[in-house]
Engineer: 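Here it is, the structure in full.
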Amino acid sequence: MSEGLTRSDRIVLAYSGGLDTSVIIKWLEELYGCSIIAVLADLGQGEDMKPLEEKAKAAGASKVIVKDLREEFLKGFCFPALAAHAVYEGKYLLATALGRPLIARELVKVAEKEGANAIAHGATGKGNDQVRFDCSIMALSPEMKIIAPLRSEEWGFKSREEEIEYARRHNIPVPVTKERPYSLDKNLWGISIECGILEDPWKEPPDDTYFMVRRIEDTPDKPDYVVIGFEKGVPVNINGETLSPVGILERLNDLGGIHGIGRSDLVENRLVGIKSREIYEAPGATVLWLAHRELEALVLDRESLHFKEAMSLKYTEMIYYGLWFSKLREALDAFVQSLQVRVSGEVRMKLYKGQAIPVGRRSPYSLYDLSLATYSAEDAFDHKSGEHFCRLWGLPLKVGARVRYRRQE
Ligand code: ARG
């Protein structure tokens with residue numbers, strides 16, 4: 001890391017409270033002698049922030065800033081992704097990938113306020129998160145120095161044990177109980193679980209990889225029904241009760257989790273070229289995604305709906321690839337948002353044995369016209385026009401077939 005940092009420099013660090021970033025504080029201080037401001041972002045990981053704050057101080061942070069970003073996370077990142085139906089490789093609702101640009105934006109804000117000239121994070125050199133942190137910082141603060149100790153040559157630790165040893169020597173609190181052998185990242189949109197036995201793609205994920213979601217074997221034998229109300233593509237109430245974004249996710253994470261909804265097992269393509277196996281849980285986000293899709297099916301015209309489906313793949317890639325703060329992502333978002341003006345109404349979901357099944361939908365903007373759809377006596381559809389339509393629609397096929405027939409192909 002030839003950053004040329006000196007004593008007078010100030011570094012803002014994305015602090016998670018885990019072993020890596022705690023060791024990073026001490027390590028950076030020892031290496032450069034500069035002061036470290038630790039930023040602990042609360043995206044709903046459900047951890048008590050106080051002990052983590054203390055830990056950062058014990059590790060030598062000159063200042064610790066704890067920031068509740070839960071509402072900002074949902075409103076500014078998750079709900080736009082929900083409206084775009086952003087699901088990577090058909091299974092991953094991007095909880096981790098959506099959190100990174102927000103954390104990066106917060107780090108840049110703190111750096112500007114505190115007069116810091118470098119930002120550090122604890123991502124490794126073979127993952128997607130380094131790309132998301134780096135690219136977001138580059139987009140928001142082009143001259144900012146970026147430091148990622150775990151991918152640097154100077155980072156001498158070869159194992160977790162060595163880091164624990166280093167932490168002990170420097171009086172940094174270390175995990176007392178034996179931790180689960182997984183790498184975890186949790187927020188209100190979901191949890192990502194990898195490493196340990198999961199690295200063998202043939203092995204079924206063991207029971208201790210379940211966090212927000214119950215095993216199907218343990219789910220109730222009776223379904224629950226839940227009505228989700230949307231306004232302009234944003235979920236605003238549950239069973240008629242208006243809730244804050246955080247309230248909605250808390251409620252649906254609970255309910256969905258009880259019924260075993262929103263767990264997926266994915267061998268995915270990382271941006272850096274390798275395949276990795278990860279388990280995801282996103283009970284609330286999954287219920288919302290399936291409900292939102294259902295409402296769009298009712299209110300969007302066919303061409304808009306199909307075009308949106310195609311571009312949703314691109315939107316998803318932009319999030320996964322760390323390009324949240326890009327012109328294209330913003331332009332795609334403008335397109336998605338322009339279609340959300342009519343995505344208001346309600347969807348009734350049945351939650352049962354790992355599935356969230358849409359069983360009812362209604363909206364003041366519904367394009368469903370019973371008099372046109374019905375097969376009963378009230379049918380108002382002009383059947384004659386169907387015949388004319390077929391004649392024209394099939395005309396190119398007929399012309400082509402005549403030529404083939406003549407040429408005896
Ligand atoms: N593979 C996911 C992504 O790239 C999650 C990465 C973090 N996972 C974790 N278990 N810490 O978005």
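Count residues from 1 along the sequence. We count ligands from 1, going down the list as the structure has it; atoms in each ligand are counted the same way.
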Engineer: If you measure only the distance, is there a donor-acceptor pair under 3.5 Å linking the side chains of Y280 and E268?
Structural biologist: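 Judged by distance alone, the side chains do pair up.
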Engineer: Using salt bridge (Lys or Arg N to Asp or Glu O under 4.0 Å), reason through E162 and K158 one step at a time and then give a plain yes or no.
Structural biologist: CA-CA 7 Å; E162 285 184 26; K158 283 185 204 66; 5.0 Å; no
Engineer: Show me the short polar-atom pairs for ligand 1: any N or O of it lying under 3.5 Å from a protein N or O, with distances only.
Structural biologist:
| unit_1 | atom_1 | unit_2 | atom_2 | d |
| --- | --- | --- | --- | --- |
| ligand 1 | 1 (N) | E268 | OE2 | 2.9 |
| ligand 1 | 1 (N) | E278 | OE1 | 2.8 |
| ligand 1 | 1 (N) | Y280 | OH | 3.0 |
| ligand 1 | 4 (O) | N128 | ND2 | 2.7 |
| ligand 1 | 4 (O) | R132 | NH1 | 3.2 |
| ligand 1 | 4 (O) | R132 | NH2 | 3.0 |
| ligand 1 | 8 (N) | E278 | OE2 | 2.9 |
| ligand 1 | 10 (N) | S183 | O | 2.8 |
| ligand 1 | 10 (N) | S183 | OG | 3.4 |
| ligand 1 | 10 (N) | S192 | O | 3.3 |
| ligand 1 | 10 (N) | E278 | OE2 | 2.8 |
| ligand 1 | 11 (N) | S183 | OG | 2.9 |
| ligand 1 | 12 (O) | Y92 | OH | 2.6 |
| ligand 1 | 12 (O) | R132 | NH1 | 2.8 |
| ligand 1 | 12 (O) | R132 | NH2 | 3.1 |

Engineer: Show me the donor-acceptor pairs within less than 3.5 Å that the side chains of residues 229-240 make with the rest of the protein, sequence neighbours left out.
Structural biologist:
| unit_1 | atom_1 | unit_2 | atom_2 | d |
| --- | --- | --- | --- | --- |
| N237 | OD1 | G229 | N | 3.3 |
| N239 | OD1 | V227 | N | 2.8 |

Engineer: Are more than 12 heavy atoms from other residues, nucleotides or ligands located less than 6.0 Å from atom CE of M49?
Structural biologist: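 Counting neighbours around CE of M49, more than 12 heavy atoms of other residues, nucleotides or ligands fall under 6.0 Å, so yes.
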Engineer: Please identify each residue that fulfils side chain to side chain donor-acceptor pair (under 3.5 Å) with S264, with sequence neighbours left out.
Structural biologist: none
Engineer: With sequence neighbours excluded, tell me which residues meet side chain to side chain donor-acceptor pair (under 3.5 Å) with E114.
Structural biologist: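 E114: side chain to side chain donor-acceptor pair (under 3.5 Å) contacts with K63.
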